[in-house]
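Take a look at the structure set out below.
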Amino acid sequence: MPRRSARTLLTLSVSALLLATAAPAAAAPPEGPTPEQQAQTKPPTVGGVESLGRGTGAQGKVLAETDRIVVKFKDHVPEAQKEEVLTEVETATEIEDPEIVKTTGNAEQVVESDTMLDKAEQQAVVETLEKDPAVESAEPDLIVVNGLAAHAASAPNDRYWNYQWGPRNIGVPSAWSHGTGNGVVIGIADTGQINHPDLNQRTVRGYDFLSDLYHSRDGNGRDGNPQDEGDWSPGRPNWWHGSHVAGIAAAHTNNRTGIAGVAPDARIQHARVLGADGRGYISDIADGVMWSAGIAIPGVPRNTTPAKVVNLSEAWDAPTCAPVMQNAVNRMHKIGVPLVVAAGNAGKSANLAAPANCGGAIVVAATSSHNRITGYSNWGPMVDVAAPGGDTNAPIWSTVNTGKFSLGAPSYGDLSGTSMAAPHVSGVIALMKERNPNIGVEAIRKTLRDTGVNVNGYRKVDAGRAARAVAPTTRGAIATYYKAHGGAGVYGNPTTGERDTGVGGVVQHFVKNGRTTKLYWSSRTGVREVRTWTGIGSRHEGLGGARAVGIPFNNEQRTATGGYYQSFVDPRSGKTTKILWSARTGAQPIVESSGIGRVWVRNGYETKAGYPITPEVRTSTGAYQRFQNIRTGERTQYTWTPRGGVKVTRIK
């Protein structure tokens, strides 16, 4: 278990070697803290660890199966006729021995079946009932589980999550139902990257912007290797500052290792802008943050994975913002990429620290575990929001290295400072950017403030409320398909941004009347939909979705025998799976490229060979799958062994 040390990080000082006379810093927006509020921003540093875990805000769910249907008969339909309707439905569908068990306050009849009905069977019963002239409407009577509007906190399984009071304090677990940073790159302009199991899978290619050969410690100036060579100085060992910041923002989460990141599905990109003793040129820092945002830098390769938010956890004494830095912030602001910066740790006005005094940056002060602005945190009208920064008794845990004056082994450790507060906010912005990639800097700033909670006159970030306040948007091919096929009238509104499927392409969720449709896109398939409430869509979900079955390369299609099918492909392997549904057999998959699948195709697909009534089942000697011809009722079993191939036998 890591040692809980009592050191406090003063945000890295930077030698401002290129600092020139600068224009006055822009004033804070009108909704910033008043002078009276500023007088409250220097409370004493407090200690003690306090558990501030929250509920997830998760809702209950409905079961996929039910044994009841709610039927609204037309006025004056006699009881005998109602019984006749139910008898006809029993003959035409899978409902068994239906009987009316009660009448609702709205005069609807609740009809109960002796067996549970899956979604496809429910749909068939409803459609059959609504065709009868005696019926006004029908719907499944779904079973709600855990319908209380509250839930215990959903903690990730990372080993040191209990040490991470910071994310819990700002309600990060409640935000994960609204976004996880999927598809978003967070730029970390800092001391560079290290090899670490909680960071490696989240890290994309970065760049080393240090042009000073001495302080870079690698002796070769700017290059494509952003490796942190150590930020130690005489008398002070390494802090591994860049990795600590990166872990707070987006460490690998739910991997039973280490810590959890605020935006666990975001990716990290390091721009190495500080070296020995945390030193670097302001021009290098400015180039690093601009390159992170996708802005071209002469002599540097184009950034092919630009960040949608850039974190700069540094501060240095400066009465004004250097023009080179202000110009960088302005260019980033123009393209909608926020630069999140530390307010500084000198316990004075942030107007006297750069880059906090650069107009347009999002400036973050630090709070303690007792919800107070810390004694070391800078304050004043340039501060936009506050977030956990820690103190001597309750620091912030994150990813580091054991090496004191050279590279050692991956580890975890604690630091405190506004450097730690900033990546909490960058992670929250990544959640917001997942939901709406085009949200601008000022809209982000306003949302963070409007949804935050009061701490000493400032607004402490509330991750759940901030993410929830950003309405998801559609874009690109999915947006075009959505609008062309009926938009909100057909699919409802988006409830997520575009998310990586994990097997190639992206997916976005839409909900109308409680029904979720997923629109998938890949370069191979174009846009296709999965209607999760149908028999096929429900089965796709139940089998594991895109990661297990693949993404759709067509929409649901009718078969010649009255059923439906949909085909799916795994872009990684090219394996194709078809899910077929009929009212008689339900929904089951068939892998057409398997030995069994190839013989099934040769024998006439579902029309002759029959609909699958089981998935392909592995055995100690091979595999088997069962089918039924819905016209004749004949059932067969296809059995495959490595030596004998496929044999077809009739079964009862």
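Computed from a predicted structure; not experimentally measured.
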Any side-chain heavy atom of [X] sitting closer than 4.5 Å to one from [Y]?
{"X": "V591", "Y": "P615", "result": "no"}
{"X": "I285", "Y": "E314", "result": "no"}
{"X": "R468", "Y": "T451", "result": "no"}
{"X": "V337", "Y": "K308", "result": "no"}
{"X": "D500", "Y": "R267", "result": "no"}
{"X": "W239", "Y": "S419", "result": "no"}
{"X": "D287", "Y": "V300", "result": "no"}
{"X": "M325", "Y": "L339", "result": "yes"}

[X] side-chain N/O to [Y] backbone N/O, donor-acceptor pair under 3.5 Å:
{"X": "W165", "Y": "G390", "result": "no"}
{"X": "T447", "Y": "A443", "result": "yes"}
{"X": "T253", "Y": "G261", "result": "yes"}
{"X": "S426", "Y": "A249", "result": "no"}
{"X": "K433", "Y": "G181", "result": "no"}
{"X": "S243", "Y": "T399", "result": "yes"}
{"X": "T367", "Y": "A387", "result": "yes"}
{"X": "S313", "Y": "A422", "result": "no"}
{"X": "T191", "Y": "G242", "result": "yes"}
{"X": "D384", "Y": "V363", "result": "yes"}

Distance check, rounded to the nearest 0.5 Å: [X] atom [atom1] versus [Y] atom [atom2]?
{"X": "L274", "Y": "L210", "atom1": "CG", "atom2": "CG", "result": "7.0 Å"}
{"X": "I259", "Y": "H252", "atom1": "CD1", "atom2": "NE2", "result": "12.0 Å"}
{"X": "Q566", "Y": "Q557", "atom1": "CD", "atom2": "CD", "result": "8.0 Å"}
{"X": "R524", "Y": "I551", "atom1": "CZ", "atom2": "CD1", "result": "8.5 Å"}
{"X": "I248", "Y": "H244", "atom1": "CD1", "atom2": "NE2", "result": "5.0 Å"}
{"X": "S398", "Y": "Q164", "atom1": "OG", "atom2": "CD", "result": "7.5 Å"}

For residues [X] and [Y], report the shortest heavy-atom separation together with the two atoms involved.
{"X": "A365", "Y": "A421", "answer": "O-CB, 3.5 Å"}
{"X": "P388", "Y": "N169", "answer": "CG-OD1, 4.0 Å"}
{"X": "P589", "Y": "R539", "answer": "CD-NE, 4.2 Å"}
{"X": "A467", "Y": "R435", "answer": "O-NE, 2.8 Å"}
{"X": "T501", "Y": "R547", "answer": "O-CG, 3.7 Å"}
{"X": "I444", "Y": "P338", "answer": "CD1-CG, 3.9 Å"}

request  = Please lay out, stage by stage, how N327 and M290 fare under the test side-chain contact (heavy atoms from CB on, under 4.5 Å).
outcome  = CA-CA 10 Å; N327 290 338; M290 286 191 292; over 6 Å; no
request  = Tell me, yes or no, whether the heavy-atom count around R515 atom CZ, taken from other residues, nucleotides or ligands under 6.0 Å, exceeds 12.
outcome  =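 At most 12 heavy atoms, drawn from other residues, nucleotides or ligands, come within 6.0 Å of this atom.
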Quiz: residues 477-493 side-chain donor-acceptor pairs under 3.5 angstrom, not counting sequence neighbours:
{"unit_1": "T480", "atom_1": "OG1", "unit_2": "G476", "atom_2": "O", "d": "3.2"}
{"unit_1": "Y481", "atom_1": "OH", "unit_2": "E529", "atom_2": "OE1", "d": "2.9"}
{"unit_1": "Y481", "atom_1": "OH", "unit_2": "N555", "atom_2": "ND2", "d": "3.0"}
{"unit_1": "Y482", "atom_1": "OH", "unit_2": "A488", "atom_2": "N", "d": "3.1"}
{"unit_1": "Y482", "atom_1": "OH", "unit_2": "G492", "atom_2": "O", "d": "2.7"}
{"unit_1": "H485", "atom_1": "ND1", "unit_2": "Y481", "atom_2": "O", "d": "2.9"}
{"unit_1": "Y491", "atom_1": "OH", "unit_2": "E529", "atom_2": "OE1", "d": "2.7"}

May I ask you to check whether [X] and [Y] show a side-chain donor-acceptor distance below 3.5 Å?
{"X": "T203", "Y": "Q193", "result": "no"}
{"X": "D198", "Y": "Y412", "result": "yes"}
{"X": "H178", "Y": "E434", "result": "no"}
{"X": "Q269", "Y": "N303", "result": "yes"}

query = Would you call R499 and D265 a salt bridge, using N to O less than 4.0 angstrom?
reply =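 No salt bridge links R499 with D265.
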ask   = So, are R272 and D218 salt-bridged, with charged N and O less than 4.0 Å apart?
value =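 Salt bridge present between R272 and D218.
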request  = Could you please spell out the steps behind the side-chain contact (heavy atoms from CB on, under 4.5 Å) verdict for Q227 and L407?
outcome  = CA-CA 10 Å; Q227 169 71 42; L407 189 65; 4.1 Å; yes
request  = Would you list the pairs meeting ring pair (Phe, Tyr, Trp, His ring centres under 6.0 Å) in which at least one residue belongs to residues 514-557, sequence neighbours left out?
outcome  =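 Applying ring pair (Phe, Tyr, Trp, His ring centres under 6.0 Å) to every pair that reaches into residues 514-557, excluding sequence neighbours, yields H540-F568.
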query = Between I186 and R202, does a side-chain contact (heavy atoms from CB on, under 4.5 Å) hold up when you go through it step by step?
reply = CA-CA 10 Å; I186 302 174; R202 295 289 177 261; over 6 Å; no
Trace of the side-chain contact (heavy atoms from CB on, under 4.5 Å) decision for E541 with T516 = CA-CA 11 Å; E541 295 283 291; T516 298; over 6 Å; no
message = By the definition side-chain hydrogen bond (donor to acceptor under 3.5 Å, both in side chains), identify the one residue from D190, D228, D231 that meets it with H241.
response =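 Testing H241 for a side-chain hydrogen bond (donor to acceptor under 3.5 Å, both in side chains) against D190, D228, D231 leaves exactly one candidate, D190.
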